[in-house]
Amino acid sequence: MEKKTFLIRGMHCASCVRVTERALKKVPGVLDAVVNLATEKATVSFDQQKVSDQKLASAVSSVGYKAMMEEESQSEDQQKIEKEKELQQLRNKVIVSLGLGGLILWGSFPLLMNIAPEILKNFFVQLLLATPVQFWAGFLFYQATIPALRHRTANMDTLVAIGTTVAYTYSAFVTVFPTIITRTGIKPEPYFDVATIIIGLILLGRYFEAKAKIGTSEAIKKLIGLQARTARIVKGGREIDVPIDQVRLGDVVRVRPGEKIPVDGVIMEGESSIDESMVTGESIPVDKVKNDTVIGATMNKTGTFTFKATKVGKDTMLSQIIKLVEEAQGSKAPIQRLADLISSYFVPVVIMLAIATFVVWYVVGPTPAFLFAMLNMVAVLIIACPCAMGLATPTAIMVGTGKGATNGILIKDAESLETAHKINTVIFDKTGTLTKGKPEVTDIVGDVLQMAASLEKGSEHSLADAIVKKGEEEKVNFMKAANFKAIPGHGVEGIIDGKKVILGNRRLMEKERIKIDEKEVERLENEGKTVMMLGVDGNLAGLIAVADTIKETAKEGVLVLYRMGIEVVMITGDNQRTAKAIADQVGIKRVLAEVLPDQKEAEVKKIQKEGKKVAMVGDGINDAPALAASDVGIAMGTGTDVAIEAGDITLVNKDLRSVAAAITLSKKTMWTIKLNLFWAFGYNITLIPVAMGVLYPFFSILLNPIFASFAMALSSISVVLNSLMLKRVKI
Amino acid sequence: MSIDKLLVALIGAVGIAFTYWFFLMKKETEVEVVDEVDIKVSRGYSPEVISIPKNKTTKIHFLRTDPTDCLSDVVLSEFKIRKNLPLNKKVTIEVTPKRAGEFPFSCGMNMYHGKVIVKE
């Protein structure tokens with residue numbers, strides 16, 4: 001039995017659902033059909049031997065609807081086509097309105113009209129040219145205004161519709177009844193140029209704004225585009241290509257050189273170098289061998305391998321990243337609250353100001369008072385630009401979070417992005433954050449690796465693991481250890497090649513009365529290493545130092561933070577000497593040692609009480625309470641889990657330099673938002689009074705409504721463009 | 001002051017008072033939602049104000065029939081949702097509110113507004 005879900009177009013009521021379901025159920029071989037009006041989807045279970053896509057589609061079309069069998073996979077492309085169609089229509093309207101408006105301007109503007117053909121100076125011709133602009137190109141302003149008024153709301157379209165209608169209606173009246181106007185002492189001159197050019201310029205602004213806005217959501221589209229479309233599954237010795245959504249957990253997938261890895265999984269066989277930059281932001285390809293994790297949508301470079309799918313569909317790392325970025329882009333930054341509050345009152349207040357402008361100019365203005373009053377009122381309605389205020393914050397947040405995601409920095413929400421710019425103290429957890437979290441052999445004094453590794457083979461201690469691993473790496477010949485015995489708190493002993501071999505700490509050596517090289521041991525301990533001593537038949541044969549090595553990016557990551565003027569603190573459960581040694585290696589000056597995991601949260605709060613804004617960097621597992629307590633919790637990505645609950649920011653690239661990069665990104669985004677808001681508010685606060693004519697009594701300056709529309713169009717475009725500049729910022 | 005000026009001043013004052021009353025003193029009509037609700041997106045949201053229960057998943061189906069670019073995104077910031085609304089295509093958003101209160105939603109440019117009231 002096969003199950004298929006597809007879109008149905010044209011349904012608009014519950015009875016459509018019943019009709020469609022009935023038609024589908026009538027197709028021979030269909031076992032069940034469920035149609036959902038809300039999602040406009042039908043889910044059909046059928047016998048694939050008897051039913052084809054075509055049969056289902058014709059059953060749907062027989063009752064008057066359309067089945068879109070391929071719709072889901074095409075929806076992205078279709079959306080793009082629809083968007084392009086909308087833009088094309090807008091462009092046509094811009095060309096027509098500016099073209100006709102230009103002709104009217106030529107025939108009516110004081111200097112230009114001297115060289116204009118007579119026909120353009122005719123008011124009736126101007127009326128003829130202005131009418132399609134007002135009611136065809138400008139139709140969308142009315143289309144938006146009338147229902148909005150029904151809801152008792154107003155928006156920018158309302159302002160444009162009122163402003164241009166006033167100019168157009170007055171001009172039409174002057175054209176048809178010039179004598180009535182003359183009788184009032186006003187020269188009968190129409191203002192069709194004002195109405196048409198305003199519409200043309202505002203539409204032009206919208207066209208550019210819509211084009212620029214596409215760029216703000218580019219990051220998410222890029223991420224979605226990374227997804228592989230098919231996977232090569234190995235089943236019963238055969239390889240079959242299947243669509244990505246048919247890959248199931250546990251499927252074995254083969255990947256060849258140059259191919260995209262379809263889903264997340266663990267390598268079963270083979271090895272390769274994999275470019276993970278597109279998902280994690282990690283620029284250097286990573287070598288992967290058996291049992292290593294691979295990430296879906298990353299690029300296999302050199303080898304061929306098979307892997308077992310461990311995460312598919314919405315659980316893959318890429319899907320989680322997309323979800324996280326979408327969520328962040330939907331969240332609201334606290335800084336936006338003021339803009340929200342103002343924009344909810346803005347349009348009605350502008351309408352009131354426009355009425356007041358008309359009244360004041362009419363009552364106390366110079367003659368012809370009516371013309372001054374009308375033109376200034378139109379200028380006030382047109383200059384006001386609530387759009388710029390609305391766009392100021394969200395566009396910057398969208399570009400900022402998108403920029404972060406492409407660099408392996410996932411920001412949970414706009415609030416975290418906003419808070420991060422105030423951070424002046426960064427606390428690093430040591431184990432697993434500054435260090436790799438896996439002890440490694442760092443020093444071997446004397447030829448002792450073969451014996452030590454052979455002896456430790458039987459041990460389960462984590463330090464023993466490091467020594468055995470080193471032995472395997474160096475390809476030593478493991479010898480058989482007899483009478484192996486672990487001495488808790490001391491070390492291990494056994495017989496190798498007929499000799500009594502012991503490996504352990506200072507206490508074990510003292511117990512066996514073996515003299516040790518104190519100077520060498522101390523030197524290694526001062527470097528933050530754990531020293532193991534090997535004794536053979538009562539004599540010291542050599543030393544092995546084991547340490548948790550620091551990450552390659554730790555030192556530089558810390559240095560960049562210091563350069564930014566940020567205090568860096570290391571927190572660890574280690575003793576003072578080891579902690580100090582590690583801190584020295586990465587260049588951290590302030591160390592909080594011997595802090596038990598459950599005390600880390602209290603330490604964070606203590607630093608916050610010093611008046612600091614704290615970012616805590618950890619792995620998000622044993623330091624989750626500390627991450628949650630800090631102002632911004634930065635979690636280092638582990639494996640393919642990106643949605644670390646306690647973290648406000650997740651660094652999927654595992655690069656410690658990204659801590660500074662995240663703070664820089666936050667600073668740049670906040671700067672862009674502040675600049676946008678300053679511009680948007682400043683623009684309205686400055687130019688609305690100018691349009692009202694406050695400068696007229698002092699400098700005789702008035703704002704021509706045409707310039708007002710030009711400035712208005714420019715203001716919202718400039719906000720979007722300023723946000724897009726964030727894309728170029730280096731972090 | 002001549003009669004026409006007096007008349008214009010009077011009409012202006014009435015106009016300002018009317019604008020204030022009309023836009024800023026309106027009462028919102030709230031639609032109580034049980035499981036799901038259709039919101040038509042055309043020159044705003046209809047219904048504009050919906051009330052939904054706490055701790056229960058509610059499906060909100062948005063259908064945009066208005067080509068205005070401003071309405072092409074809907075933002076429910078409390079729920080961290082920003083969704084693109086393709087023209088004439090229903091988009092379903094599921095919300096499971098964890099706390100009661102009034103949470104506004106808006107178009108991508110924050111020009112058109114609606115409200116979700118979460119009740120205990």
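Just so it is clear: chains get the letters A, B, ... in the order the sequence lines come, proteins before strands, and each one is counted from 1. Worth knowing before you read on, the calculation uses all heavy atoms, side chains too, and leaves out hydrogens, waters and symmetry mates.
Within the 4.5 angstrom heavy-atom criterion, no atom of A:Ala354 approaches chain B. Within the 4.5 angstrom heavy-atom criterion, only backbone atoms of B:Leu76 (N, CA, C, O) approach chain A. Contacts of B:Tyr112 with chain A are made by side-chain atoms alone, with heavy-atom separations under 4.5 Å and no backbone atom involved. Only the side chain of B:Glu48 comes within contact range of chain A, judged by heavy atoms closer than 4.5 Å. Neither the backbone nor the side chain of B:Phe105 comes within contact range of chain A; no heavy atoms are under 4.5 Å apart.
Here the closest non-hydrogen pair linking A:Pro348 and B:Leu24 is CG-CD2, 3.9 Å. Residue A:Val359 comes nearest to B:Val8 through the heavy atom pair CG2-O, 3.7 Å, listed as atom of the first residue, atom of the second, then distance. Of all heavy-atom pairs spanning A:Glu86 and B:Leu87, the tightest one is OE2-CD2, 4.1 Å. The two residues B:Lys5 and A:Val363 have their closest heavy-atom pair at NZ-O, 3.2 Å.
By the 6.0 Å contact criterion, CZ on A:Phe208 is open, its count of non-hydrogen atoms from other residues, nucleotides or ligands being 12 or less. Within a 6.0 Å radius of NZ in B:Lys26, more than 12 heavy atoms belonging to other residues, nucleotides or ligands are found. More than 12 heavy-atom neighbours from other residues, nucleotides or ligands sit within 6.0 angstrom of NZ on B:Lys54.
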* Asked: Should B:Phe23 and A:Leu149 be marked as a side chain to side chain contact (heavy atoms under 4.5 Å, CB included) after you check the CA-CA gap, both sets of side-chain angles, and the distance that decides it?
  -> CA-CA 9 Å; B:Phe23 292 113; A:Leu149 290 180; 3.7 Å; yes
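Checking side-chain atoms of B:Arg82 against main-chain N and O of A:Met398 turns up no donor-acceptor pair under 3.5 Å.
Taken to the nearest 0.5 Å, the CD1 atom of B:Ile11 stands 9.0 Å off from the CZ atom of A:Phe358. Annotation: the span from A:Gln336 atom CD to B:Ser106 atom OG amounts to 7.5 Å, rounded to 0.5 Å.
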